Amino acid sequence: MSGGMGELAAPRVQRDGDVVTITMCRPSRRNALSREHLTQLLAAVTETAGTDATAVVLAAEGPVFSAGHDFADVAGAPLADVRSLLVLCTELMQTLHQVPQVVVARVHALATAAGAQLVASCDLAVAAESAGFAAPGGKGGWFCHTPMVPIARNVGRKRAMELALTGDVIDARTALDWGLVNRVVPDDQLDDAVAELVHRATRGSRASKAWGKQAMYAQLDRPEAEAYLQAVETMAAASQLDGAREGMAAFLGKRPAVWTD
């Protein structure tokens with residue numbers, strides 16, 4: 001599944017144990033999310049979703065994590081083409097929520113516009129101290145409408161408006177304070193921090209966690225009463241899973257759990 005290292009290289013897909021790392025490796029293009037690159041990323045994530053891997057790490061090479069949409073795809077393009085590009089991007093973002101694996105962004109550098117959207121759409125994110133985040137459309141001519149959908153759901157209204165309206169870069173520590181990332185570490189500790197969070201986030205029953213992740217996204221933006229209705233039904237059904245039964249039996253029996261899924 002690995003691509004070459006040329007300008008139009010496909011994402012590199014590597015598996016180490018139960019963890020699949022998908023690395024954007026178009027540094028000369030600032031890992032821009034062109035139509036081709038979005039298609040390749042979606043294919044890599046979808047293929048990984050069908051495996052028994054427990055986690056996906058989304059990473060990048062080069063001086064920028066991702067600069068977002070490639071304006072070469074958009075400049076002068078007719079409305080239908082731009083719409084289809086944004087629909088494709090949305091499909092990738094929503095697929096990150098739907099896959100059973102825990103998805104962790106490894107952010108080593110600047111993530112802007114749809115690149116920041118990509119980080120916000122991952123379940124978890126670890127950033128190096130040198131990373132930065134921006135929705136630069138606010139100070140340009142093409143506002144970051146779609147990137148702000150997941151970003152706003154991460155950081156809240158006032159902070160989202162500041163990001164969207166100013167277009168300015170926030171540093172990694174600010175992103176941590178605002179809730180866009182889970183951890184910020186020195187650059188040379190990024191891989192260790194990602195591995196440590198992946199380890200803790202993938203313990204236990206795989207099936208239970210997959211259900212839990214998908215149910216979390218289903219309820220997060222619903223009114224509380226509706227969220228409870230959805231969560232009650234999902235949690236009741238999940239009690240019948242092998243993982244739930246084993247976990248409870250192990251707790252009651254004061255023994256280590258043995259996960260079969």
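Side chains are part of it too, since the values below use all heavy atoms of this structure and drop only hydrogens, waters and symmetry mates. Keep in mind that this is a model prediction, so the values were computed, not measured.
The side-chain hydrogen bond (donor to acceptor under 3.5 Å, both in side chains) contacts involving residues 112-122 comprise nothing, where partners must be two or more places apart or lie in separate chains. Sorted by first and then second residue, the salt bridge (Lys or Arg N to Asp or Glu O under 4.0 Å) pairs involving residues 76-101 (not counting sequence neighbours) form an empty list. Identified under the salt bridge (Lys or Arg N to Asp or Glu O under 4.0 Å) test for residues 151-162, with sequence neighbours left out: R153-D221, R159-D177.
A single hydrophobic cluster is not seen to contain both V119 and V194; linkage of ILVMFWY side chains at heavy-atom distances under 4.5 Å, directly or through other members, places them apart. Cluster membership for I22 and V107, using ILVMFWY side-chain heavy atoms within less than 4.5 angstrom, is shared.
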Please report the C-alpha distance between D73 and S34 in whole Å, then the side-chain angles of each, then the deciding distance to 0.1 Å, and finally whether the side chain to side chain donor-acceptor pair (under 3.5 Å) criterion is met. CA-CA 7 Å; D73 281 356; S34 65; 4.7 Å; no
Please test R206 against D18 for salt bridge (Lys or Arg N to Asp or Glu O under 4.0 Å), starting from the C-alpha separation and ending with a verdict. CA-CA 11 Å; R206 299 183 192 194; D18 289 333; 3.4 Å; yes
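A salt bridge links D191 and R106; the closest N-O separation between the charged side-chain nitrogens and carboxylate oxygens is under 4.0 Å. Classification of E36 and R26 as a salt-bridged pair holds, one side-chain N sitting under 4.0 Å from a carboxylate O.
Judged by distance alone, with hydrogens and angles left aside, the side-chain atoms of T234 form no donor-acceptor pair with the main-chain N or O of A231 at under 3.5 Å. In terms of modelled atom types and a separation under 3.5 Å, the side chain of R15 and the main chain of G17 share a donor-acceptor contact.
Shown here for A49 and Q101, the closest heavy-atom pair between the two residues is CA-OE1, 3.4 Å.
Ring geometry, Y217 versus H97: the interplanar angle falls under 30°, so the pair is classed parallel (tilted spans 30 to 60°).
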